[in-house]
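To start, the structure under review is shown below, and the notes come after it.
Naming: A, B, ... by sequence-line order, numbering from 1 per chain. Everything quoted here is computed from the prediction, not taken from an experiment.
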Amino acid sequence: MKIVFFGTPSLAVPFLETLVDNPGIQVVAAVTQPDKPVGRRHELAPSPLKRSAQMRGIPVFEFASLKKDPSAVETLKALGADAFVVVAYGKLIPADILNIPRLGCVNVHPSLLPKYRGPSPMQWAIANGDPDTGVTIMQLDEGMDTGPILAFETIGLDDTETLTSLTKKVMATGPALLTSTLKRFAAGEITPIKQDESKATITNLLDREDGRIDWKKGVAGIERMVRAYEGWPGTWTEWNGKRLKVLSVQPTDLKADFPPGTVQVKDGRLMVEGGDGTLEILTIQPEGKAAMPASAFLAGYSEINGATLA
RNA sequence: CGCGGGGUAGAGCAGCCAGGCAGCUCGCCAGGCUCAUAACCUGGAGGUCGCGGGUUCAAAUCCCGCCCCCGCAA
């Protein structure tokens, strides 16, 4: 079976590599987002998927826009693939491309669809405190994650789950599920099942402001948010006009005695009122500084005691 | 040339603008006090002030170059 792989971030890489390593599958090309300016110097950097594909000698195509680039359809047709596989490509794929391969486009989505359609399903599952989520293999149609389902696998979430740990779980279970589903689907062994629209929920792309901590939100909700938004957009607050990244926290059994966001230093520990209780900050990163444990932070910034964070 | 903060004792910071004894909190070591402590008291060790050059009677501090860490942005 010949496939073309569409993907961009590091999440997509193990999926590509598993397909490449499968003797029954031939990855004839990879399609990814063009190099983007990145880092402090705004240097152009290739996507993680592009690096991986190039190392494995797979031809890489980068289209600025699948919709507006008229050569995209012809180029992709010429590859003669049986299916396109899409894992976090980053752009919607237009209908005239979806219809090119005989088996259509097979997509991997890290949630149990129709729950959490859109770009941030793992973050939402953690932030909402769901007991489990999963990986869904589906056919793409013109909507955003609305196509019929081919297969899914449930992934359990524990109460210390972070975006990193969940991503690892998805990368551990997803590629095998994709490969087996692809083969069974090609053999005609799977009947796609339409999604139940009444149960659909949509996640938005997170931006920096989503990471600002609302100290009225409640201790449990804030703690889950810290785990869910790890890396991007991160969780942060402001003190004296400076940004403080809050990297890890721990709920306490102390009641809320002061307004939300009020800092109290107790026994050398950094406590913040969280609306319905008190949260301890364990790891923190002041703007312009490296991450540090709260004890180290307090050694140099003791005047934060009694301040209000926003 | 995207914008900005930083590098000072093991950790976190102040000192720099306005040059003049190397400081603070914590940790560490020794001793003391206490029924007791993440408590208190006394003493102590620990420093190429990121690196190289320049100015000066004198540089952590001013000037030039370089290295490294980080926030924003993307």
Side-chain angles (χ1 to χ4, degrees), chain A residues 6-13 31-52 60 62-66 68 88-92 118-120 122-123 162-164 167 203-215 222 225-254 257 261 263-272 278-310:
Chain A
F6 291 63
T8 302
S10 55
L11 175 70
V13 171
V31 180
T32 192
Q33 296 295 319
D35 294 5
K36 283 184 181 166
V38 82
R40 222 125 23 207
R41 306 269 174 278
H42 281 191
E43 288 156 343
L44 282 183
S47 71
L49 188 98
K50 180 178 173 181
R51 284 179 184 279
S52 169
V60 174
E62 300 162 77
F63 301 105
S65 165
L66 293 175
K68 293 175 186 166
Y89 172 60
K91 289 265 171 69
L92 230 52
S120 313
M122 295 186 286
Q123 292 89 333
T162 64
L163 182 61
T164 304
T167 301
T203 66
N204 64 311
L205 193 62
L206 297 167
D207 65 25
R208 179 65 73 178
E209 197 59 29
D210 289 320
R212 180 193 288 269
I213 295 172
D214 174 5
W215 294 104
I222 295 171
M225 177 177 159
V226 171
R227 290 188 275 114
Y229 291 0
E230 183 187 46
W232 178 262
T235 35
W236 52 275
T237 188
E238 270 184 79
W239 173 48
N240 282 346
K242 295 248 181 152
R243 193 176 296 240
L244 296 176
K245 284 189 170 183
V246 175
L247 301 178
S248 66
V249 299
Q250 173 177 284
T252 71
D253 49 15
L254 298 172
D257 296 324
V263 176
Q264 300 166 78
V265 179
K266 282 184 183 168
D267 297 330
R269 306 199 302 175
L270 182 55
M271 309 289 197
V272 186
T278 300
L279 198 63
E280 178 178 4
I281 296 181
L282 300 175
T283 316
I284 193 167
Q285 182 175 14
E287 180 175 325
K289 299 288 189 177
M292 63 187 76
S295 57
F297 177 79
L298 288 172
Y301 297 91
S302 55
E303 70 273 19
I304 199 172
N305 193 10
T308 302
L309 304 178

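Heavy-atom nearest nucleotides on RNA chain B were determined for Lys36(A) and for Tyr301(A), and the one closer to the 5' end corresponds to Tyr301(A).
Using a 4.0 Å heavy-atom distance criterion, Arg40(A) is classed as a base contact. Among the protein residues, Lys242(A) comes within range of no part of the nucleic acid, since none of its heavy atoms lies under 4.0 Å from any strand.
In this structure Trp236(A) satisfies the side chain to side chain donor-acceptor pair (under 3.5 Å) test with no other residue, sequence neighbours excluded.
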Review item, nucleotides 6-11 of chain B N/O atoms under 3.5 Å of protein N/O:
residue: rG6(B); atom: O2'; partner: Lys289(A); partner atom: NZ; Å: 3.3

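With hydrogens and angles left out, the side-chain atoms of Thr283(A) and Ser248(A) include a donor and acceptor closer than 3.5 Å.
When distances are taken from the side chain of Arg243(A) to each of rC69(B), rA38(B), rC72(B), the shortest belongs to rC72(B).
If you take NE2 of His42(A) and C1' of rG4(B), they are 12 Å apart, rounded to a whole angstrom. One interatomic measurement links the two molecules: CH2 of Trp236(A) to C1' of rG5(B), which rounds to 17 Å at whole-angstrom precision. Between Glu287(A) atom CD and rC69(B) atom C1' there is a gap of 15 Å when expressed in whole angstrom units.
The main-chain N or O of Gln123(A) is never found under 3.5 Å from a side-chain atom of Ser120(A) such that the two would form a donor-acceptor pair.
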Can I get a per-line list of side-chain donor-acceptor pairs under 3.5 Å for residues 288-310 of chain A, giving both atom names and the distance, sequence neighbours left out?
residue: Asn305(A); atom: OD1; partner: Val265(A); partner atom: N; Å: 3.0

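Contact check, Gln285(A) against rG71(B): a side-chain N or O comes under 4.0 Å of OP1 or OP2. For Arg41(A), no side-chain nitrogen or oxygen approaches OP1 or OP2 of rC1(B) to under 4.0 Å.
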_The test is side-chain contact (heavy atoms from CB on, under 4.5 Å); show your working for Leu279(A) and Thr252(A) and say whether it passes._
CA-CA 6 Å; Leu279(A) 198 63; Thr252(A) 71; over 6 Å; no
